[in-house]
Amino acid sequence: PPKLAPIQVVIVPIYRNEEQLASISEKANMIKAALEAKGISVKYDNRDTHKPGWKFAEYELKGVPVRLAIGPRDLENESVEVARRDTLEKEVLKMADIENKITHLLEQIQSNLYQKALSFREDDRGANVWLLVPADRGVFHGASLREGVRCVHPVQVYLDLLAHPERATEAAERVRAEHLNWRTDD
């Protein structure tokens with residue numbers, strides 16, 4: 001999800017020579033600065049050791065939510081190719097006001113992933129996976145007793161701990177104390 005991603009946007013230049021790279025880098029650095037001013041973490045990958053396709057795959061595997069690709073034609077047209085990782089959709093957007101468009105896109109991606117998580121929690125396919133949680137009713141919502149043990153769906157644990165990260169360690173310690181027999185005398 002964008003709120004958890006260490007890199008929210010990656011900018012990949014597409015060029016054939018150093019002259020093209022210089023002109024693309026100038027525009028890419030302007031876009032990067034505008035996005036960072038909005039509080040978005042951005043990486044501009046101008047390494048010449050890998051081709052753009054390799055970089056696309058690398059950042060998709062790393063989970064970067066949005067990829068911007070800029071080539072010489074994009075500079076001429078004042079546009080940029082934007083790819084979403086969550087839906088794999090690509091679109092070409094005008095560079096004017098790109099920082100607001102990307103901010104809105106990241107919000108859409110966050111909402112989309114959140115809705116997917118909620119629907120998975122309610123779906124029968126995810127209903128057979130449950131996590132053990134402490135008897136504390138303060139953090140974990142939607143917990144239920146299953147064969148005498150308090151359990152909650154993993155997606156709900158994620159959503160609840162996202163809202164209360166300080167409780168993660170405490171919850172883990174209580175589960176160990178209440179339900180697991182840790183034996184150190186073996």
Side-chain angles (χ1 to χ4, degrees), residues 1-14 27-46 52-70 74 78-131 133 136-144 151-172:
K3 288 184 179 179
L4 298 177
I7 301 171
Q8 295 171 310
V9 177
V10 65
I11 303 172
V12 178
I14 301 172
K27 195 63 169 176
N29 284 322
M30 288 172 51
I31 292 171
K32 181 179 186 221
L35 291 171
E36 287 175 338
K38 291 278 192 178
I40 298 170
S41 63
V42 183
K43 178 173 175 78
Y44 173 48
D45 189 347
N46 61 352
W54 193 92
K55 293 177 186 179
F56 293 170
E58 175 186 21
Y59 291 108
E60 187 160 322
L61 287 172
K62 286 184 176 183
V64 177
V66 176
R67 180 186 74 230
L68 305 180
I70 305 172
D74 296 312
E78 286 289 317
S79 62
V80 60
E81 181 188 80
V82 179
R84 293 176 58 154
R85 184 174 184 271
D86 65 328
T87 62
L88 304 177
E89 294 174 347
K90 293 180 191 174
E91 63 180 321
V92 177
L93 298 175
K94 291 292 182 186
M95 286 187 195
D97 202 34
I98 192 72
E99 63 274 8
N100 290 325
K101 294 172 186 172
I102 297 299
T103 301
H104 181 66
L105 181 62
L106 288 169
E107 290 169 0
Q108 284 180 335
I109 292 170
Q110 182 73 30
S111 176
N112 183 36
L113 292 174
Y114 182 79
Q115 291 305 317
K116 279 184 183 178
L118 288 178
S119 65
F120 178 77
R121 182 183 69 184
E122 303 302 325
D123 191 350
D124 290 339
R125 291 176 293 158
N128 61 352
V129 179
W130 292 85
L131 296 177
V133 295
D136 175 16
R137 296 188 188 282
V139 175
F140 299 106
H141 301 94
S144 61
C151 299
V152 71
H153 194 276
V155 172
Q156 188 63 47
V157 170
Y158 165 75
L159 296 174
D160 290 341
L161 289 179
L162 188 63
H164 305 282
E166 70 282 356
R167 299 287 310 274
T169 304
E170 177 189 342

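The basis for the numbers below is simple: all heavy atoms, side chains too, and nothing from hydrogens, waters or symmetry mates. Keep in mind the model is a prediction, meaning the values are calculated, not measured. Residues: numbered from 1 along the sequence shown.
Not one N or O on the side chain of Lys55 forms a donor-acceptor pair closer than 3.5 Å with the backbone of Pro13. Side-chain atoms of Thr103 come within 3.5 Å of backbone atoms of Glu99 as a donor-acceptor pair (strictly under, hydrogens ignored).
Screening Val80, Val66, Asp97 for a side chain to side chain contact (heavy atoms under 4.5 Å, CB included) with Ile102, the sole residue that qualifies is Val66. The side chain to side chain contact (heavy atoms under 4.5 Å, CB included) test with Gln8 singles out one residue from Val42, Ile109, Ile40, and that residue is Ile40.
Ala5 and Ser41 get closest at one heavy-atom pair: O-OG, 4.1 Å. For the pair Arg67 and Lys90, the tightest heavy-atom approach, listed with the atom from each and the gap, is NH2-CE, 3.6 Å. When all heavy atoms of Glu60 and Leu88 are compared, the pair lying nearest together is OE2-CD2, 3.8 Å. Closest non-hydrogen pair, Pro2 versus Pro65, comes out as CA-CG, 3.9 Å. Minimum heavy-atom separation, Ile11 to Ala28: CD1-O, 3.7 Å. What you find for Ile7 and Val64 is that their closest heavy atoms are O-CG1, 3.6 Å.
Salt-bridge check for Lys27 with Glu78: passed, with a basic side-chain N closer than 4.0 Å to an acidic carboxylate O. At a threshold of 4.0 Å, the pair Asp45-Lys43 does not count as salt-bridged, since none of the basic side-chain nitrogens sits closer than that to a carboxylate oxygen.
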Residues Ile70, Ile31; criterion side-chain contact (heavy atoms from CB on, under 4.5 Å); working and verdict: CA-CA 11 Å; Ile70 305 172; Ile31 292 171; 3.8 Å; yes
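Interatomic distance, CZ of Arg84 versus CD of Gln108, reported as 5.5 Å (0.5 Å rounding). To the nearest 0.5 Å, atom CG of residue Leu105 and atom CG of residue Asp86 are 7.5 Å apart. If you take CD on Glu36 and CG on Asn29, they are separated by 9.0 Å, rounding to the nearest 0.5 Å. With values rounded to the nearest 0.5 angstrom, Asp74 atom CG is found 4.0 Å from Ser79 atom OG. Here CZ of Arg85 is found 9.0 Å from CG of Leu113. Values are rounded to the nearest 0.5 Å.
Considering only heavy atoms from C-beta on, Leu35 stays 4.5 Å or farther from Leu106 through its side chain. Looking only at side-chain heavy atoms (C-beta outward), Asn100 and Lys38 come within less than 4.5 Å of each other.
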